**Student:** 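Handing you a structure now.
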Amino acid sequence: MNTIGYISDPIFLEHNPGEFHPERADRLRAIESHLKKSGIWTRLSHFSPPPATKNQLCLAHNKNLVEYNLAQNGIENFVIDGDTILSEQSISAALKAVGAGIHAVDLVFKEKSHSRIFTAVRPPGHHAEKNRSMGFCIFNNIAIAAAYAIEKKYIKSALIIDWDVHHGNGTQDIFYNRDDVFYLSLHQSPLFPGTGFSNETGADEGVGYTLNIPLDSSQDDGTYCKILSDALSKIGKVFSPDLVFISAGFDAHVSDPIGGMNVSSDGFAQMTKIITAFANDHCDGKIISMLEGGYDLNGLAESVTEHLMVLNQ
């Protein structure tokens with residue numbers, strides 16, 4: 001329990017949405033290179049995930065969407081939308097990206113070998129809705145992992161914290177009517193995908209279990225940390241999760257070409273400290289963090305390293 005789990009796989013390098021696409025394999029190469037230079041690489045427990053099954057995908061997605069996506073396996077240059085393009089190995093990569101979250105849950109609760117896990121996966125997942133793949137995302141990795149943990153009765157409730165610069169419309173969509181998963185999102189607005197307004201708070205049994213905090217551009221470390229701290233203080237008074245997930249997108253970094261925020265690599269470390277303190281108070285420190293966005297290679301690699309340094313403390 002002294003090290004954190006690190007889940008990745010060479011198949012993630014084979015997903016190729018296009019030569020000039022920002023969500024490229026070099027992202028994972030940059031992360032691994034920086035982790036090795038920092039010295040933390042050898043302090044991580046390394047795992048390769050199994051692919052997710054069809055039934056596991058259906059924990060968060062409509063069966064028709066799952067079957068449609070699976071049918072594209074092995075097809076080159078299949079266009080879901082202008083942002084979401086599949087190559088020959090994309091479905092294989094997507095199945096293992098989902099499998100990474102499921103394997104993380106099993107490591108924490110079945111194997112009980114680690115209380116904190118980071119999954120270095122691609123394609124990302126938080127834009128994938130119940131019935132729609134979009135925004136670089138094929139399946140919703142983190143939503144399926146949370147649904148799996150609940151379906152297996154490992155946990156009764158989960159908190160998903162999404163600090164990606166873009167709103168996780170898919171994760172919100174999947175859990176919007178549920179009271180066993182609380183979804184918190186800090187995101188730039190206006191920005192793709194144009195969702196995540198503060199009045200989007202849930203429906204039916206899920207009313208009050210979605211908290212969106214849309215932010216103007218150019219927000220810095222101090223603003224992010226204060227808003228995150230205040231939000232978790234508010235959530236902790238009404239919701240005590242058995243597990244904390246982080247949709248860890250690093251595109252709010254000051255150097256990111258897609259976002260418009262001013263968060264530093266150290267800022268992500270500070271936010272991680274706030275979350276670990278919350279997790280220590282509510283769920284014995286159990287955290288599963290899954291990579292989402294982040295498209296400046298240096299900013300991404302530095303931020304992930306800082307993030308893991310804190311998770312490993």
Side-chain angles (χ1 to χ4, degrees), residues 21-24 26-28 30-31 33-35 37-38 40 83 118 120 122 124 126-127 135-137 142 160-169 171-172 183-198 200 211-235 244-278 287 289-311 313:
H21 200 286
E23 205 292 280
R24 57 201 191 276
D26 284 344
R27 299 174 65 234
L28 295 191
I31 289 170
S33 175
H34 201 278
L35 290 174
K37 290 177 182 176
S38 73
I40 194 175
D83 293 322
F118 181 78
R122 56 185 298 274
H126 75 150
H127 292 308
F136 306 172
C137 304
I142 205 162
I160 299 177
I161 302 167
D162 190 338
W163 69 37
D164 191 282
V165 79
H166 304 97
H167 178 244
N169 58 296
T171 310
Q172 174 173 297
Y183 178 66
L184 165 65
S185 178
L186 285 68
H187 52 272
Q188 184 177 328
S189 181
L191 195 66
F192 178 89
T195 53
F197 296 99
S198 57
E200 297 170 19
L211 177 57
N212 286 304
I213 305 177
L215 303 170
D216 294 334
S217 62
S218 303
Q219 303 302 318
D220 59 11
D221 296 353
T223 301
Y224 261 82
C225 287
K226 184 179 189 308
I227 289 173
L228 177 62
S229 181
D230 289 348
L232 290 178
S233 178
K234 177 180 178 181
I235 292 168
V244 172
F245 287 91
I246 304 174
S247 253
F250 296 92
D251 38 10
H253 193 278
V254 62
S255 300
D256 197 89
I258 290 180
M261 292 299 189
N262 292 328
V263 179
S264 70
S265 301
D266 180 66
F268 286 108
Q270 297 304 316
M271 286 194 287
T272 307
K273 289 179 181 177
I274 293 168
I275 294 171
T276 57
F278 178 92
I287 298 172
S289 177
M290 304 192 71
L291 182 65
E292 301 283 2
Y295 306 103
D296 177 78
L297 297 183
N298 290 333
L300 171 65
E302 290 176 0
S303 298
V304 170
T305 302
E306 294 290 331
H307 180 53
L308 295 189
M309 290 284 194
V310 175
L311 288 178
Q313 292 176 357

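Computed from a prediction, not measured in an experiment: that's the story for all the values here.
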**Student:** Tell me yes or no: between the side chains of Gln172 and Asp162, is some donor less than 3.5 Å from an acceptor?
**Tutor:**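 The criterion, which ignores hydrogens and geometry beyond distance, is not satisfied for Asp162 and Gln172.
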**Student:** Return the minimal non-hydrogen interatomic distance between Ala248 and Phe118, and the atom names on each side.
**Tutor:**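 Shortest heavy-atom separation between Ala248 and Phe118 comes out as CB-CE1, 4.4 Å.
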**Student:** Under the side-chain contact (heavy atoms from CB on, under 4.5 Å) rule, what do Arg27 and Val304 come out as? Steps first, then yes or no, please.
**Tutor:** CA-CA 11 Å; Arg27 299 174 65 234; Val304 170; over 6 Å; no
**Student:** First locate atom NE2 of His127, then atom CD of Glu292, and finally report the distance between them rounded to the nearest 0.5 Å.
**Tutor:**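 So the gap between those two atoms works out to 8.0 Å.
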**Student:** Which pair of heavy atoms, one from Ile258 and one from Tyr295, lies closest together, and at what distance?
**Tutor:**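 Ile258 and Tyr295 have their closest heavy atoms at CD1-CD1, 3.5 Å.
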**Student:** About how many Å separate OG1 of Thr305 and NZ of Lys37, when rounded to the nearest 0.5 Å?
**Tutor:**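 The OG1 atom of Thr305 is 10.5 Å from NZ of Lys37, to the nearest 0.5 Å.
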**Student:** Between Asp230 and Lys234 (salt bridge meaning N to carboxylate O under 4.0 Å), is one present in this structure?
**Tutor:**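 Between Lys234 and Asp230 there is no salt bridge, as every charged N stays at least 4.0 Å from the carboxylate O atoms.
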**Student:** Given side chains that start at C-beta, do those of Asp83 and Phe192 come closer than 4.5 Å, heavy atoms only?
**Tutor:**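 Yes, at least one pair of side-chain atoms sits under 4.5 Å.
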**Student:** For Trp163 and Ile246, run side-chain contact (heavy atoms from CB on, under 4.5 Å): C-alpha distance rounded to whole Å, both residues' side-chain angles, the deciding distance at 0.1 Å, then the answer.
**Tutor:** CA-CA 8 Å; Trp163 69 37; Ile246 304 174; 4.2 Å; yes
**Student:** Determine whether His21 and Phe136 make a side-chain contact, defined as any pair of heavy atoms from C-beta on separated by less than 4.5 Å.
**Tutor:**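 The answer is yes; the side chains approach within 4.5 Å.
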**Student:** Any chance you could measure Ser218, atom OG, to Gln188, atom CD, to the nearest 0.5 Å?
**Tutor:**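 Ser218 atom OG to Gln188 atom CD measures 7.5 Å (nearest 0.5 Å).
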**Student:** Determine whether Val263 and Phe268 make a side-chain contact, defined as any pair of heavy atoms from C-beta on separated by less than 4.5 Å.
**Tutor:**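 The answer is yes; the side chains approach within 4.5 Å.
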**Student:** Is it the case that the side chains of Asp164 and Ser247 hold a donor-acceptor pair, with the cut-off being a distance below 3.5 Å and no angle test?
**Tutor:**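 There is no such pair between these side chains.
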**Student:** Which value, rounded to the nearest 0.5 Å, describes the distance between Asp256 atom CG and Leu297 atom CG?
**Tutor:**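 It is 10.0 Å, given to the nearest 0.5 Å.
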**Student:** Between Thr272 and His307, do the side chains contain a donor N or O and an acceptor N or O under 3.5 Å apart?
**Tutor:**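 Indeed, the side chains of His307 and Thr272 share at least one donor-acceptor pair under 3.5 Å.
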**Student:** Show your reasoning for whether side-chain contact (heavy atoms from CB on, under 4.5 Å) applies to Ile142 and Thr171.
**Tutor:** CA-CA 8 Å; Ile142 205 162; Thr171 310; 4.0 Å; yes
**Student:** If every non-hydrogen atom of Lys273 is compared with every non-hydrogen atom of Val310, which pair is closest and at what distance?
**Tutor:**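 Heavy-atom minimum between the residues: CG-CG1, 3.5 Å.
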**Student:** Are Leu215 and Ile227 close enough that some pair of their side-chain heavy atoms sits under 4.5 Å apart?
**Tutor:**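 Result yes, sub-4.5 Å side-chain heavy-atom pair found.
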**Student:** Can you confirm whether Ile213 sits close enough to Leu184 that some side-chain heavy atom of one is under 4.5 Å from a side-chain heavy atom of the other?
**Tutor:**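 With C-beta onward as the side chain, the pair touches.
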**Student:** Are Asn262 and Thr223 close enough that some pair of their side-chain heavy atoms sits under 4.5 Å apart?
**Tutor:**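 Not in contact.
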**Student:** Could you tell me whether the side chains of Ser185 and His167 share a donor-acceptor contact shorter than 3.5 Å?
**Tutor:**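 Their side chains do not contain a donor-acceptor pair, so the 3.5 Å distance test is not met.
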**Student:** Could you walk me through whether Ile275 and Leu228 pass the side-chain contact (heavy atoms from CB on, under 4.5 Å) test, one step at a time?
**Tutor:** CA-CA 8 Å; Ile275 294 171; Leu228 177 62; 4.0 Å; yes
**Student:** Looking only at side chains, do His253 and Asp296 share a donor and an acceptor under 3.5 Å apart?
**Tutor:**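 Side-chain D/A pair, His253 to Asp296: absent.
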**Student:** Would you name the heavy atoms of Met309 and Gln313 that are closest together and state the gap between them?
**Tutor:**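 Nearest pair, atom of Met309 first, then Gln313: O-CG, 3.2 Å.
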**Student:** If you look at every heavy atom in Asp221 and Ser264, which pair is closest and at what distance?
**Tutor:**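 Result for this residue pair: OD2-OG, 2.5 Å.
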**Student:** Not counting sequence neighbours, which residues clear side-chain contact (heavy atoms from CB on, under 4.5 Å) with Glu302? List them please.
**Tutor:**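 By the side-chain contact (heavy atoms from CB on, under 4.5 Å) rule, Glu302 matches His34, Ser265.
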**Student:** To the nearest 0.5 Å, what is the distance between CD (Glu200) and OG (Ser198)?
**Tutor:**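 That separation rounds to 8.5 Å.
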**Student:** State, to 0.1 Å, how close Asn212 and His187 come at their nearest heavy-atom pair, and which atoms those are.
**Tutor:**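 The answer is OD1-CE1, 3.6 Å.
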**Student:** Is it the case that the side chains of Asp251 and His166 hold a donor-acceptor pair, with the cut-off being a distance below 3.5 Å and no angle test?
**Tutor:**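 His166 vs Asp251: donor-acceptor pair found between side chains.
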